[in-house]
> 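The structure that follows is given in the form of structure tokens.
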There are 2 protein chains.
Amino acid sequence: MEQHFQKKFNHLKELCSQKGLRLTHQRTEVLRELASAKDHPSAETLYSRVKGRVPAISLDTVYRTLGTFMDLGLAAKVPVDGDLGRFDGDVSPHHHVVCVCCGAIRDFIWDEVSCGELPAEVTDWCHVTDTQVIVRGICRDCKGSDS
Amino acid sequence: MEQHFQKKFNHLKELCSQKGLRLTHQRTEVLRELASAKDHPSAETLYSRVKGRVPAISLDTVYRTLGTFMDLGLAAKVPVDGDLGRFDGDVSPHHHVVCVCCGAIRDFIWDEVSCGELPAEVTDWCHVTDTQVIVRGICRDCKGSDS
DNA sequence: TTTGTATTAGGAATAATTCCTAACAACCGA
DNA sequence: TCGGTTGTTAGGAATTATTCCTAATACAAA
Ligand SMILES: [Mn+2]
Ligand SMILES: [Mn+2]
Ligand SMILES: [Zn+2]
Ligand SMILES: [Zn+2]
């Protein structure tokens, strides 16, 4: 899991020098936390986690850093409803299942879709940059304790 | 296109009497506008359109009505990023392409996915209520006029 | 019609995200 | 190693989509 961060960190380092960005402590620690997170955290959640390592960090910095990471292709926002944006440090092609009850988000792969070819009406209308499946449902935990 | 509304209207009428809801002028007109819209309008957009028919309608009523329609299964929110929620009066299973530049949203069907079977890890984790593909890209119109 | 109650209009409140700016700290070259 | 340049941050204010509050309204059952 730390190896995973190292790889991303080197990527960030390279992109920073390329684009004239600075490799700050804040960016490093947000990346570390995002790389190890498996729950697609919100900015607020990430903020409280990173605060353990960088007590003086501000919420705005977390938002700004996530924006920067998305521009650099190091992070993505998961397209789910809900008032809080959910972020993903894994930018490899994969899909998401979200529980509409508790908001939990899980990854899954579906090769038949990822490797399939989009209908021509889609590729004809736009230059595709990302394709993903969003499954909504109610998870087992919420199923048991329904009010 | 009006036939389409009639069908939905009858459905609303039935659901209202079932659930003790009232068939108000506002609900009727929001449904009419949503049924004829093909652009997945935001609440604000829908508000300005419905205002032509119901000048005194409030934005809150549009939001509340859309919430009611979603509860009743007459409308859905399209899971796209952006500050404005985008709504869909078509609840039949279909997918969406969104231009990350101008925000345009188009429908498409992809039977290989819709009729395909989800991986067991998904159906095992939750009770699935909805599956859809979200394609992001840059549309032809935006491609030409890029800044 | 009458009456009970769900619904609305309008404005206030909430809350996620962004903006503003002085202080700070990477990073480059000497 | 040491300044100087300038991108970045912390903190709080501002913005804005959406929701809440409440008196007035208008469905719908009888
Ligand atoms: Mn993911
Ligand atoms: Mn649609
Ligand atoms: Zn759940
Ligand atoms: Zn476009």
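Chain A is the first sequence line, chain B the second, and so forth, proteins listed ahead of strands; every chain is numbered from 1.
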> In terms of the angle between their ring planes, are A:His95 and A:Trp110 parallel, tilted or perpendicular, with boundaries placed at 30° and 60°?
perpendicular

> So where does chain B start and stop touching DNA chain D, 5' to 3', when the test is distance under 4.0 Å to a non-hydrogen atom?
D:dA17 to D:dA28

> Verify the cluster assignment for B:Phe5 and B:Ile57: are they in a single hydrophobic cluster under the rule of side-chain heavy atoms below 4.5 Å apart?
yes

> Mind calculating the distance between OH (B:Tyr63) and P (C:dT14) to the nearest angstrom?
18 Å

> Please examine the side chains of B:His96 and B:Asp107, heavy atoms only from C-beta on, and report whether any two atoms are closer than 4.5 Å.
yes

> Less than 4.5 Å apart, any side-chain heavy atom of B:Thr61 and any of B:Thr24?
no

> Would you mind reading off the distance between B:Lys51 atom NZ and C:dT8 atom C1', rounded to a whole angstrom?
14 Å

> Please report, rounded to the nearest Å, how far the C1' atom of C:dT17 is from the CG atom of A:Leu46.
15 Å

> In terms of hydrophobic clusters joined by side-chain contacts under 4.5 Å, are A:Val54 and A:Leu23 together?
yes

> What orientation do B:His94 and B:His40 show, parallel under 30°, tilted 30 to 60°, or perpendicular over 60°?
tilted

> Between B:Leu23 (CG) and C:dT5 (C1'), how many Å, whole number?
16 Å

> In whole angstroms, how far is the C1' atom of C:dT17 from the CG atom of B:Leu84?
14 Å

> Specify the separation, in whole Å, of atom CZ of A:Phe87 and atom C1' of C:dA16.
10 Å

> Between A:Arg22 and C:dA25, is there a contact of a side-chain N or O with OP1 or OP2 at under 4.0 Å?
no

> More 5' along DNA chain D: B:Ala43 or A:Ile57, using each one's nearest nucleotide?
A:Ile57

> Answer yes or no: does a side-chain N or O of B:Thr24 lie under 4.0 Å from OP1 or OP2 of C:dT7?
no

> Without decimals, in angstroms, what is the distance between B:Leu12 CG and C:dT7 P?
11 Å

> Considering only NZ, NE, NH1 and NH2 on the basic side and carboxylate oxygens on the acidic side, decide whether A:Arg53 and A:Glu33 come within less than 4.0 Å.
yes

> For B:Asp60 and C:dA13, what is the distance between atoms CG and P respectively, to the nearest whole Å?
15 Å

> I want to confirm an ordering. Mapping B:Thr61 and B:Gly20 to their closest nucleotides on DNA chain C, which one lands closer to the 5' end?
B:Gly20

